[in-house]
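Have a look at the structure below, then the notes.
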2 protein chains.
Amino acid sequence: MKRAIGGILLFAIATFAYAAYGQSDPLPSWNDGPHKKAILNFVADVTDESSADFVAPPQRIATFDNDGTLWAEQPIYVEFQFSIDRVKALAPDHPDWKTTEPFKWLLAGDMHAFLAGGESSIVPVVAATHSGMTPEEFRTIARGWLATAKHPTKKRLYTQLVYQPMLELLTYLRANGFKTFIVSGGGVQFMRAFTEQSYGVPPEQVIGTEGKLIFEIRDGKPMMLKLPDVQFVNDKTGKPIGIEHKIGRRPIAAFGNSDGDLQMLQWTCAGSGKRFCLYVHHDDAVREWAYDRHSLIGRLDLGLDEANIKGWTVVSMKDDWKSIFPPE
Amino acid sequence: MKRAIGGILLFAIATFAYAAYGQSDPLPSWNDGPHKKAILNFVADVTDESSADFVAPPQRIATFDNDGTLWAEQPIYVEFQFSIDRVKALAPDHPDWKTTEPFKWLLAGDMHAFLAGGESSIVPVVAATHSGMTPEEFRTIARGWLATAKHPTKKRLYTQLVYQPMLELLTYLRANGFKTFIVSGGGVQFMRAFTEQSYGVPPEQVIGTEGKLIFEIRDGKPMMLKLPDVQFVNDKTGKPIGIEHKIGRRPIAAFGNSDGDLQMLQWTCAGSGKRFCLYVHHDDAVREWAYDRHSLIGRLDLGLDEANIKGWTVVSMKDDWKSIFPPE
C-alpha cells in the first residue's frame, strides 16, 4: 500500500513537472533549482549569437570525466572489477598465479591483502589483463564482460549504472552544438567498449590512459598488439595535457567528481570568455553512495575547496537529481 | 601569344569537363581516368545503403598524411623551414649559437654542413624553436610566420601551396559522411596553426608528432608549457599506433605519398570490407617536383612496390591532376 501511494505521488510529481516545462524540458531528471538553472543559463548564453558570451560551434568543447561522473565507481572502479574477474578467468592458464603476489591474493579472495599492496598490487593485474591481444580483441573481451557482469550490491549491469541526469546533459549539450568528449583516468580501450552505445560518444572523442602498442607485419598481415607498459596516464595534470594533445583547444565546459578532475576544471575555467565547471557531489547514501574527502575511490577534497572558492557548480546527487540511474 | 592559345585551350577543356559532368563534378581538378573513377566508385559503394559494401557514417574514417599529400614538401618540409627561420629570428637572444653546432651552420648559411649532421642537427633546432612557450603561443608564432613567409622558388605563401585536387577530395569525402583526419609525422601544434583554415580539419582531428607538455599553477594561474622532449613520433609504425590511440577505429580510406605512410596504408587496407588506399606520386617536374625512390624528403620506394603488388591507387600528379595549386 505504501508503495502504491509512493507510486501515485511520483506520478503526480512527474505530471506537474511535465506541465511546468511542457515537452521541452531538456533535463527532466534534474530538479529545479540554482544548479539546473546554471546549466541552462550557460548554454543559453554561449549559443545566443546576439550575446557577448556567444561561442562559435567549433569551440563548444565539453569534457566529461567518466568514473563517478557518468557512471558509478563504488565500491571499486568498474574497470578494476573487470581486471579482477579476468584474473580469475585466466587463472587456469597461469598456474604460477596461485603462489605469486598479487595474483594469489585475488584468487584466494583476500581483498584486504590485495588492496594493502596499493599500486604494486594493481599495476601487475592491469598489465596481465590488458595486454597480449589486439585492441579490438580487448574491446571484445570487455564488451562480453559488460554484457553479463553485475554490480555486487545494485545487482544491475554496470552499463545500467550510468547517471540518467548526465545522459540528458550530454544529449542537451550536443543538441546545442557542443562536441562532447570523455576525459578519464580509465583505460581508453576499455571505455571505447561501451561509450558509443552508452553515452553516444564515438571512440575518437574518448581520451584516457593509454597502454603501449606495437605494430608489426606477421605472415604478411599487419598486426597491432597491446603491450603491458603504460604510455600515458590521463589523470590529474595528465587531463589538461591529454586535452591539449588530443583536442588541441581548451574546453569551455568541464564536468568531474573528484580531485583527479581538478586540473581539468582549473584549465577549463581559467580560459577567457564564458566558462562552466561542474562537480558531481556524491551525497546520496540512499540511492547511490555518500563519499568525498576521505574516500579512497573518487576522493573529492581539494576540488571541493576550490569549487567553493571559484564558485563552480557543485551538484548534490541527493537534492538535484530526481533519479540517479535509468529505469530498470 | 602562346600563353593566349594555352588559355583558350584550357578554357575549352574546362568547358568540356563542365558539360560532361554538369555542375555536379565533385572533383573538377581531377582528370577523367581510372584513378578519379576509383575514388568515385569507392565512395558510391560505401555510401549506398543497398550495397553489400555499405559502411555506416560513424565508421567512415579517412586519414590523410600532410607533407607531400596535402601540401608541398620540397625542397624541405615547411615546418623545418619555419624552424630555420625561427633560429635566425631568435639568434640575437642566443649569442652562444654563433659558435655552437648545429646553430652556427644555420646562422652562417652553411646548409651543407647542417644537413650532413642529419638527426643530430635537426633535433636541437626543433627543440630550441618548439619549446619554452604555451601551445597557444607556439601556434600564434607559427601562424604569424605562415602569414608572411614565402616558398623560395614558387614565391607563394606556403598555405597557397596546398594541392587543389586534394582540397576537393577532402570536401567530397566530408559531403559523403566521412570524418577526415590528418595523420602526419609533422608536429601536431604546428599543423593546428593552419589545418582548420586550410583544410577544414578541426584541431581534434589532427594527429601528429607530440612534444612533452607540463601543466602547473603559476601565481594561481594554470599554465601549460611545451618542453623540448618528444613524447610520441607519429611516423611509419607510429601512424597506425597514433590512429589506434586517438581515433580508436581503423580507417576505411587512407592517403599518403611516402614510405612514412606505408604502415598507415597497410593497416587501413588490411581491414575487412571495402577499403581504399591511395598514394600521390610526385612525377610532375614542371608544375611541382618529380621525386620518389631516391629523395631524402618524402621518399616513396617500398611504398611504390607495395602499392603495385596490392593494387592501391597511385595518382600521377602529372596526368591525373588538372591543376596542382589553387589559382593565385
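Throughout, protein chains are lettered first and strands after them, A, B, ... in sequence-line order, and every chain is numbered starting at 1.
- Interface remark: of the candidates B/K179, B/E216, B/E136, B/K179 forms the most heavy-atom pairs closer than 4.5 Å to chain A.
- Contact check on B/E204 versus A/R250 returns no salt bridge, with no Lys/Arg side-chain nitrogen under 4.0 Å from an Asp/Glu carboxylate oxygen.
- Here B/I241 is the residue among B/I241, B/T237, B/I61 with the most heavy-atom pairs under 4.5 Å with chain A.
- Both the backbone and the side chain of A/K246 come within less than 4.5 Å of a heavy atom in chain B.
- Ranked by heavy-atom pairs under 4.5 Å with chain B, the list A/Q263, A/E210, A/H245 is led by A/H245.
- Among B/P58, B/A270, B/P240, the residue making the largest number of heavy-atom pairs under 4.5 Å with chain A is B/P240.
- When all heavy atoms of B/P135 and A/E244 are compared, the closest pair comes out as CB-OE2, 3.3 Å.
- Only the side chain of A/I217 comes within less than 4.5 Å of a heavy atom of chain B; its backbone N, CA, C and O stay farther away.
- Using a 4.5 Å cut-off on side-chain heavy atoms (C-beta onward), B/F215 and A/K239 make no contact.
- For the set B/K212, B/R192, B/K236, the entry with the most heavy-atom pairs within less than 4.5 Å of chain A is B/R192.
- Looking only at heavy-atom pairs under 4.5 Å with chain A, the residue among B/Q266, B/M224, B/E196 that has the most is B/M224.
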